Amino acid sequence: MKKVITIAGTNSQKSINKRLLSHTSGLLKNVEHISIDLNDYVLPIYGVDFEAENGIPPAVKRLNEVFDTADGFIITLAEHNGTYTAVFKNTLDWLSRANIKVWRDKPTLLMATSPGGRGGATVLEAAINYFPFLGANVVADFSLPSFFDNFSENGISNLDLKESLIQKAQLFEQIISPLE
Ligand SMILES: Cc1cc2nc3c(=O)[nH]c(=O)nc-3n(C[C@H](O)[C@H](O)[C@H](O)COP(=O)(O)O)c2cc1C
């Protein structure tokens, strides 16, 4: 079974991106999910001097080894002030020091959500443009605007958005595990 690493770009315990991520994972039935919580990889702030003095932290090496096992990634980004959260960017910077192909040239489903009407579109756009330089093969992207209007305990309530995500999840699954 193919392995999909799921990661939300936030350290919030009540993260709406984690809720979207968990819902999306549930749409993919025939893959093994490896769920990464950034709270399990608490890292010092990246700095060239810190790295020169201390090397790459063990938690970065651990996460990098987990990424080696991935057949694909599902990433959901929280937006802080129009860009990545500090914890996500810091993790990305450290991972890029372990392996510049952070995303290993694997198929990637890239998402974002926020309580606002743009649904994290700014950070999503940044990642769509930049992640390929870190080895991402972005096969689909999805933004869920106005999270608290469009998401309930049953999943996405807006039918158009619900259908759109289902199609993108299916496309992602077909790409990582094509039918023989
Ligand atoms: C410091 C800070 C900056 C924020 N900046 C933005 C922003 O630029 N755009 C946006 O849509 N939401 C912004 N928000 C609201 C977040 O989208 C919201 O907190 C969301 O729940 C974050 O995702 P998470 O719950 O998955 O961590 C900001 C929130 C914080 C705390």
Side-chain angles (χ1 to χ4, degrees), residues 4-28 31 33-47 57 59-60 62-63 66-67 70 72-96 102-103 106-134 136 138-169 172-173:
V4 173
I5 290 187
T6 64
I7 181 164
T10 174
N11 55 4
S12 165
Q13 309 272 10
K14 294 183 176 169
S15 165
I16 59 175
N17 281 277
K18 286 179 186 168
R19 289 170 67 189
L20 173 62
L21 190 59
S22 152
H23 170 71
T24 307
S25 294
L27 299 174
L28 275 70
V31 300
H33 300 273
I34 302 171
S35 172
I36 300 296
D37 186 335
L38 293 182
N39 290 313
D40 294 334
Y41 299 88
V42 176
L43 306 176
I45 298 290
Y46 179 81
V60 176
R62 257 192 311 126
L63 189 54
V66 177
F67 275 32
F73 292 90
I74 304 178
I75 306 162
T76 322
L77 295 170
E79 183 172 293
H80 278 182
N81 297 310
T83 188
Y84 310 112
T85 63
V87 67
F88 182 78
K89 181 64 164 60
N90 190 47
T91 306
L92 204 53
D93 287 346
W94 272 119
L95 284 170
S96 73
V102 173
W103 309 115
K106 300 296 181 189
T108 299
L109 171 57
L110 202 46
M111 305 190 292
T113 189
S114 81
R118 283 180 48 76
T122 308
V123 69
L124 187 60
E125 193 72 21
I128 289 168
N129 289 329
Y130 194 70
F131 279 14
F133 291 99
L134 297 173
V138 180
V139 296
D141 62 85
F142 178 78
S143 160
L144 181 64
S146 307
F147 179 85
F148 294 102
D149 295 332
N150 289 322
F151 196 93
S152 71
E153 59 195 24
N154 300 319
I156 298 178
S157 48
N158 177 301
L159 292 183
D160 289 341
L161 291 166
K162 179 179 178 175
E163 186 55 32
S164 170
L165 181 58
I166 289 171
Q167 285 183 10
K168 287 171 182 182
F172 173 77
E173 190 163 11

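FYI, the numbering just counts along the sequence from 1. Note that the coordinates shown come from a computational prediction; the quantities given were computed from them, not determined experimentally. Just so you know, ligand 1 is whichever comes first in the structure, and atom 1 is the first atom listed for that ligand.
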Trainee: To check your reading of the model: name the closest protein heavy atom to atom 18 (C) of ligand 1, its residue, and the distance in Å.
Mentor: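 Answer for atom 18 (C) of ligand 1: P115 CD, 3.7 Å.
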Trainee: Any heavy-atom pair between the side chains of T76 and T24 that's under 4.5 Å?
Mentor: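 Answer no - side chains too far apart.
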Trainee: Applying side-chain contact (heavy atoms from CB on, under 4.5 Å), run through T113 and R19 and close with a yes or a no.
Mentor: CA-CA 10 Å; T113 189; R19 289 170 67 189; over 6 Å; no
Trainee: How close does the nearest protein non-hydrogen atom get to atom 6 (C) of ligand 1, and which residue and atom is it?
Mentor: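 Among all protein heavy atoms, the one nearest atom 6 (C) of ligand 1 is E79 O, 3.2 Å.
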Trainee: As an exercise, state the distance from OG of S164 to CG of L159, rounded to the nearest 0.5 Å.
Mentor: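 S164 OG to L159 CG: 12.0 Å, rounded to 0.5 Å.
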Trainee: At under 4.0 Å between heavy atoms, which part of S12 makes contact with ligand 1: side chain, backbone, both or neither?
Mentor: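 For S12, only side-chain atoms sit under 4.0 Å from ligand 1.
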Trainee: Angle between ring planes, F151 versus F147, binned at 30° and 60°: parallel, tilted or perpendicular?
Mentor: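 Ring orientation of F151 relative to F147: parallel.
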Trainee: To the closest 0.5 Å, what do you measure between CG (L21) and OG (S35)?
Mentor: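 Output value for this atom pair is 6.5 Å.
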Trainee: For atom 23 (O) of ligand 1, which protein heavy atom lies nearest, and how many Å away is it?
Mentor: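 Closest protein heavy atom to atom 23 (O) of ligand 1: N17 ND2, 3.2 Å.
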Trainee: What is the nearest protein non-hydrogen atom to atom 26 (O) of ligand 1, stated with its residue, atom name and distance?
Mentor: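 Of the protein heavy atoms, S15 OG, 2.5 Å lies nearest.
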Trainee: Which protein heavy atom lies closest to atom 25 (O) of ligand 1, and at what distance to 0.1 Å?
Mentor: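 Atom 25 (O) of ligand 1 sits closest to the protein heavy atom I16 N, 3.0 Å.
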Trainee: Say you draw a straight line from CG of N17 to CD1 of I7; how long is it, rounded to the nearest 0.5 Å?
Mentor: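 Answer for the CG-CD1 pair, N17 versus I7, is 12.0 Å.
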Trainee: What protein heavy atom sits nearest atom 27 (O) of ligand 1, and how far off is it?
Mentor: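 Its nearest protein heavy-atom neighbour is T10 OG1, 2.7 Å.
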Trainee: If you have a sec, work out which protein heavy atom is nearest atom 11 (O) of ligand 1 and how many Å separate them, to one decimal?
Mentor: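 Sorting protein heavy atoms by distance from atom 11 (O) of ligand 1 puts S114 OG, 3.1 Å first.
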Trainee: Nearest protein heavy atom to atom 19 (O) of ligand 1, by residue and atom, and its distance?
Mentor: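 Nearest protein contact, heavy atoms only, for atom 19 (O) of ligand 1 is H80 NE2, 4.6 Å.
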Trainee: Does a side-chain heavy-atom distance below 4.5 Å link L161 with F142?
Mentor: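 Answer yes - side chains close enough.
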Trainee: Please determine whether side-chain contact (heavy atoms from CB on, under 4.5 Å) holds for the pair F131 and I75, giving the CA-CA distance in whole Å, both sets of side-chain angles, and the decisive distance to 0.1 Å.
Mentor: CA-CA 11 Å; F131 279 14; I75 306 162; 3.9 Å; yes
Trainee: Is there at least one pair of N or O atoms, one from N81 and one from ligand 1, spaced under 3.5 Å apart?
Mentor: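 In this structure, N81 places an N or O atom under 3.5 Å from an N or O of ligand 1.
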Trainee: Is G82 in contact with ligand 1, taking contact as a heavy-atom separation below 4.0 Å?
Mentor: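 Flag set, G82 near ligand 1.
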